[in-house]
Amino acid sequence: MESDDLHLGVAQLAGLFGDPTRAKMLTALMAGKALTATELAALADVTPPTASSHLTKLEQGQLIRVRKQGRHKYFQLRGQEVAQLMERMMHLSAGRSLPVNTGPTNPDLCRARVCYDHLAGELGVAFYDALVNKGYIEDRGEETVLTASGAEFFDGLGVSLEPGPSRRPLCRSCLDWSERRNHLAGRLGQWVLDDLLERGWASRDLDSRILRFSDRGLAKFRHRYGLK
């Protein structure tokens, strides 16, 4: 019976991801922002009632969560695990395309984007490579480890390296959808994204996952982390 329940659960989860409208909504939420049903309906190009029906299914399937603020309801991905699964499915989908398509056609989306709560795209991979080259992190394939020198470096930047209330790892590799190589996720990846946004080095598009660096901000980012 346990095996049957497991197979049923897998089938139900696949069904939730398999609908094109729900896939569009989940992809929109990959930017990490909380969006209303009206906003998600517009992004998925469906009517509000249709959007509401899909969002109910995603909530019941524990892929999204609802946050109420006043009279408004906002939807978010349920957590990092859902975002990671979405990123991997994008990678698999692109790899099965003929001809092979290694990511989005929009060059700005390829250059730098938000992957739930961390930096992705060309700059995300370049940042990850710079940390490896400096010996701040050790790449072990699907596992990424912060080294002693890396801990000293990030501690100097004001990063709290103590375990948080959640079990989320300090740093973790995430396979980049367009570059097909690792970028940095985990609490450290989130801190880096939050920090560069707070410093005004980059800004987020209102209606996409695109991250736009100013010339000055990109220079500052490259200098701080040693990007080539």
Side-chain angles (χ1 to χ4, degrees), residues 24 26-33 77 80 83-146 150 153-154 157 159 169-228:
K24 289 179 181 179
L26 291 170
T27 301
L29 294 174
M30 282 285 289
K33 295 181 181 178
L77 293 185
Q80 176 67 31
Q84 182 183 1
L85 181 57
M86 282 293 297
E87 189 81 1
R88 288 190 175 273
M89 285 197 296
M90 290 176 182
H91 165 70
L92 289 172
S93 176
R96 294 175 64 88
S97 301
L98 295 174
V100 173
N101 173 16
T102 59
T105 56
N106 187 327
D108 292 332
L109 202 57
C110 289
R111 178 67 169 163
R113 65 179 179 273
V114 176
C115 177
Y116 187 57
D117 63 0
H118 53 271
L119 175 64
E122 294 173 5
L123 282 176
V125 171
F127 166 64
Y128 186 92
D129 288 345
L131 296 184
V132 172
N133 292 335
K134 284 182 169 292
Y136 293 160
I137 60 174
E138 183 179 342
D139 187 339
R140 300 178 180 176
E142 293 189 3
E143 181 184 11
T144 299
V145 178
L146 185 69
F153 172 75
F154 282 105
L157 296 181
V159 181
L170 177 63
C171 57
R172 182 183 60 78
S173 61
C174 182
L175 185 63
D176 196 90
W177 167 34
S178 54
E179 295 298 300
R180 309 298 178 85
R181 297 174 57 216
N182 285 336
H183 61 239
L184 185 68
R187 289 188 287 116
L188 187 56
Q190 181 181 9
W191 184 92
V192 170
L193 176 62
D194 290 344
D195 180 65
L196 67 88
L197 289 172
E198 289 174 4
R199 292 176 180 276
W201 292 352
S203 60
R204 299 170 62 164
D205 269 15
L206 296 177
D207 57 354
S208 77
R209 298 167 61 192
I210 294 174
L211 199 63
R212 300 187 187 277
F213 280 79
S214 65
D215 291 341
R216 175 182 175 277
L218 182 57
K220 291 282 188 180
F221 180 70
R222 287 183 177 277
H223 177 74
R224 167 177 273 195
Y225 297 110
L227 276 71
K228 295 181 180 179

> Which value, rounded to the nearest 0.5 Å, describes the distance between L196 atom CG and F127 atom CZ?
Replying inline: 9.0 Å
> Applying salt bridge (Lys or Arg N to Asp or Glu O under 4.0 Å), which residue pairs with at least one partner in residues 118-132 are found, sequence neighbours left out?
Replying inline: R111-E122, D129-R181
>> Any heavy-atom pair between the side chains of Y128 and V132 that's under 4.5 Å?
In response: yes
>> I need the M86 CE to Y116 OH distance, nearest 0.5 Å.
In response: 12.5 Å
Show the atom names and distances, to 0.1 Å, of all donor-acceptor pairs under 3.5 Å that link a side chain in residues 219-228 to residues at least two apart or in another chain.
{"from": "R222", "atom 1": "NH1", "to": "K228", "atom 2": "O", "distance (Å)": "2.6"}
{"from": "R224", "atom 1": "NH1", "to": "D195", "atom 2": "OD2", "distance (Å)": "2.7"}

> Given K134 and F153, is the side chain to side chain contact (heavy atoms under 4.5 Å, CB included) satisfied, shown in steps?
Replying inline: CA-CA 10 Å; K134 284 182 169 292; F153 172 75; over 6 Å; no
> Under the side-chain contact (heavy atoms from CB on, under 4.5 Å) test, which residues partner D205, sequence neighbours left out?
Replying inline: D207, S208, I210, R212
> Does the side chain of R140 come within less than 4.5 Å of S173's, by heavy atoms?
Replying inline: no
> In Å, rounded to the nearest 0.5 Å, how long is the span from CD1 of I137 to CG of L170?
Replying inline: 10.5 Å
> Atom SG of C171 and atom CZ of F154: how far apart are they, to the nearest 0.5 Å?
Replying inline: 8.5 Å
> Is any side-chain heavy atom of L119 closer than 4.5 Å to a side-chain heavy atom of L211?
Replying inline: yes
> What pair of heavy atoms forms the shortest contact from V114 to D117, and how long is it?
Replying inline: CG1-N, 4.3 Å
> Which residues pass the salt bridge (Lys or Arg N to Asp or Glu O under 4.0 Å) test with D194, sequence neighbours left out?
Replying inline: none
>> As an exercise, state the distance from OG of S178 to CG of L109, rounded to the nearest 0.5 Å.
In response: 7.5 Å
> How far does CG of L188 sit from OG1 of T144, to the nearest 0.5 angstrom?
Replying inline: 10.0 Å
>> List the residues meeting side-chain hydrogen bond (donor to acceptor under 3.5 Å, both in side chains) with H183, not counting sequence neighbours, and say none if there are none.
In response: H118, D176
